[in-house]
Each structure stands twice: as structure tokens, then as C-alpha cells.
Amino acid sequence: MKRNINKRSRKGRGALLLFLMVSAVTIAVYFCKDYQMEVRQEKKFEEIKKIQGNGSTPSILLARQNHDLLGFLSIPDTSFSYPVMQREGDSEYYLHRDFEGNYSFYGTPFLDARCRLDGDNLIIYGHNINGGRLFGFLQAYREEGFYNRHPSLVLVTGEGKRTYQIVSVVATDTSSLLYSFTDVFNGKEYRKMAGGILAQSLYRTEAGEELKKKMKLASDKEFFHSRQFIMLSTCRTGEGKDARLLVAGVRERGPDDAWKEP
């Protein structure tokens, strides 16, 4: 009887060992494939950056490769530089697709389907990838010192280079009313949404304080559509699936850059 129990015990340990070995191999293969995908995606982004270079409009070559390319987003004097996409009829097409449309956990930064390049606010989404990759880089803006060194964003479009001064860094979630701010059709609501962006900032910014002063001096009619906002949205590290970080910037519209009703 004791011999049978020992025999069954050895068989049980052997089965457990086999299971653990198979699990370890499976996990290793998964992480290997995941790592290889990361390397390919990083390499692809680097290739795209080189093709784009410092052009004042999106590269013709890149635009020919993918007609969904809207522009190129960068933070001056940093390594942050990515294409911005928008697929008509599929608002989240690039959530898990690379520039060429292949599956990629990284995805590619994309403009909210409700937004237009000449609209009141450009909401651009990107994944928070560990190690400060992709929009994970934006986590650095939670520190005021980083903002002081890098206070602007640049978006290159077919219209040319647009520079936005960062006015607010907001820790929020997916239910925030700020995500409803795209095009606004009355001056009072426009002022309210602009004020909401400024009021929720983690810290004061120079451009944000300047904008507050100008808002006080301008009537609703004068302030209405006078500026274009941009909001970069990503997840907040380790703070829940609905937690979001917004880095918001603004630029004044010029005489040839007036808001047009959609």
C-alpha cells in the first residue's frame, strides 16, 4: 500500500514538473515574440523619423505610403517624434496597428475621429509604453521641472509647422468632460472649456497664466475660436485602466488660420 502511494506521489511530482516546464517554455516564447515585436516597432518608428527629418510639412514619401497620415508630432530637443494618423470611418483603427496597418500592441498615435486639423481642439491618443516609449514619454510632464525645460509641442501638417505652448498637465480619467471639447459653437462654452483645461492643471505654467490674463481682458466674442488647443492623451502608469494623463497646449490663430464651421 505504501509503495503504491509513493509511486502515485512520484507520478504527481513528475506531472507537476512537466507542467511547470511547459509553462516556462510557453511564457519564454511569448515574451520572446513580444520583445521581437517591440524591436520591429521601435525600428519602424526610427525609420519614419529619419524619412520625415525636420521637414515643415509631412514627408511626401510617407504620405504616399499611407494616406491616413495627418501630421508629425514632436517635442523640441527630445527624442519624442511620431506620426499622427486618422482613419475615416474607424476611430480606433490605429489603437493596435502600426504605420503600415499591421497588428501592433504599440499602435500609432491617432487623432480623435471627431476632430479636424482646423478645429478648436485636437485630441491625440497614444499608448503609455513602459520605459518612456511612445506616449509613456509624457509621464515626465508630471514633474514641473521637465515642463520648464520642454514647454512646447510641435505638429507638422500639410498647412505647415504649428507650435503649441503647453498650458496644462491634467491627471484625470476617461469620464472627463475635457474629452467632449472638440468644436464648440458658442463663445460662452468655448471659454468654459478653455477654463476647464487651465483649472485642472497639476501645476501652473507660464503659458497657462498668460492665457488666463488674456481671457479676462477679452469678451466672449473676441476670445471665441481665437486659439486652437491640442491635448495629448495617454494612460497613467499603475493607476487603473480608466486613469488618463493629458498634456494640453495652445496656439493663437493667425489671419489666414481662421476657424471654419464643419
Side-chain angles (χ1 to χ4, degrees), residues 23 26-27 30-31 33-35 37-39 41-42 45 73-75 78-87 90-98 103-115 120-151 153 155 164 166-182 184 192-205 207-208 229-250:
S23 297
T26 301
I27 292 171
Y30 171 81
F31 278 108
K33 287 183 177 179
D34 193 48
Y35 175 74
M37 185 180 294
E38 286 187 12
V39 170
Q41 183 75 334
E42 289 285 351
F45 276 135
L73 178 68
S74 63
I75 298 174
T78 74
S79 61
F80 184 92
S81 181
Y82 293 100
V84 177
M85 318 298 286
Q86 189 180 57
R87 168 60 66 98
D90 191 343
S91 59
E92 295 188 346
Y93 182 83
Y94 287 97
L95 184 64
H96 290 300
R97 283 187 172 88
D98 63 17
Y103 173 79
S104 167
F105 176 76
Y106 270 38
T108 307
F110 61 95
L111 181 66
D112 191 302
R114 300 167 298 166
C115 298
D120 283 326
N121 188 25
L122 306 179
I123 306 174
I124 301 175
Y125 303 95
H127 286 298
N128 175 4
I129 304 297
N130 291 336
R133 288 168 291 179
L134 209 60
F135 273 30
F137 187 90
L138 300 178
Q139 301 298 320
Y141 276 108
R142 299 174 78 162
E143 299 295 331
E144 188 174 354
F146 185 83
Y147 155 76
N148 289 332
R149 296 190 298 275
H150 306 287
L153 309 167
L155 180 65
Y164 299 81
I166 295 173
V167 293
S168 183
V169 178
V170 181
T172 186
D173 57 46
T174 54
S175 67
S176 173
L177 288 176
L178 295 181
Y179 285 106
S180 67
F181 181 24
T182 53
V184 179
K192 179 181 177 182
M193 295 307 294
I197 290 174
L198 298 175
Q200 297 179 51
S201 185
L202 295 175
Y203 48 80
R204 293 182 178 181
T205 67
F229 290 83
I230 190 171
M231 295 196 314
L232 310 187
S233 173
T234 193
C235 299
R236 300 209 312 270
T237 304
E239 297 182 50
K241 66 177 184 178
D242 294 328
R244 295 292 184 270
L245 183 74
L246 294 176
V247 177
V250 70

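It should be emphasised that the depicted structure is a prediction, and the values quoted were computed from it without experimental measurement.
Taking the side chain as every heavy atom from C-beta outward, P109 and M85 never approach each other to under 4.5 Å. S201 is not listed as a side-chain neighbour of V167, based on a closest heavy-atom distance of 4.5 Å or more. At a threshold of 4.5 Å between non-hydrogen side-chain atoms, the residues V170 and M231 do not count as touching. Side-chain contact between R142 and R236 is present, with heavy atoms from C-beta onward closer than 4.5 Å. The side-chain heavy atoms of D112 and Q86, taken from C-beta on, include no pair separated by under 4.5 Å. The closest side-chain heavy-atom distance from S233 to L246 is below 4.5 Å. Counting only heavy atoms from C-beta outward, the side chains of L153 and F80 never approach each other to under 4.5 Å. Here the side chains of R133 and F45 are not in contact, with every heavy-atom distance at 4.5 Å or above.
What you find for Q139 and C235 is that their closest heavy atoms are NE2-O, 2.8 Å. In terms of heavy atoms, H150 sits closest to I75 at CB-CG2, 4.0 Å. Residues R114 and I123 approach most closely at NH2-CD1, 3.8 Å, considering heavy atoms. Residues L122 and C115 come closest through the heavy atom pair CA-SG, 4.2 Å. Summarising the geometry of S168 relative to I197, their closest heavy-atom pair is OG-O, 2.6 Å, with the distance given to 0.1 Å. Of all non-hydrogen atoms in Q41 and G107, the two that sit nearest each other are NE2-O, 3.1 Å.
Annotation: Y164 is not in aromatic contact with F229 [ring centroid separation under 6.0 Å not met]. The distance between the ring centers of Y141 and F146 falls below 6.0 angstrom.
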Exercise. Check the pair F137, T234 against side-chain contact (heavy atoms from CB on, under 4.5 Å), reporting the backbone distance first and the verdict last.
Key: CA-CA 10 Å; F137 187 90; T234 193; over 6 Å; no
Self-check item: Residues D98, Y106; criterion side-chain contact (heavy atoms from CB on, under 4.5 Å); working and verdict
Solution: CA-CA 7 Å; D98 63 17; Y106 270 38; over 6 Å; no
Self-check item: side-chain contact (heavy atoms from CB on, under 4.5 Å) assessment of H96 paired with F105
Solution: CA-CA 5 Å; H96 290 300; F105 176 76; 3.9 Å; yes
Exercise. Let me see the working for L245 and F135 under side-chain contact (heavy atoms from CB on, under 4.5 Å), right down to the final yes or no.
Key: CA-CA 10 Å; L245 183 74; F135 273 30; over 6 Å; no
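A distance of 10.0 Å separates CG of N128 from CD of E239, quoted to the nearest 0.5 Å. For the atom pair CG of L232 and CD1 of I166, the computed distance is 7.5 Å after rounding to the nearest 0.5 Å. Rounded to the nearest 0.5 angstrom, L178 CG and Q200 CD are separated by 4.5 Å.
Residue F110 forms a ring pair (Phe, Tyr, Trp, His ring centres under 6.0 Å) with just one option from Y82, Y94, Y93, Y125, and that option is Y125. For the side chain to side chain contact (heavy atoms under 4.5 Å, CB included) criterion with Y147, the lone passing option out of L202, V169, T205 is T205.
In the displayed structure, E144 atom CD is contacted under 6.0 Å by more than 12 heavy atoms of other residues, nucleotides or ligands.
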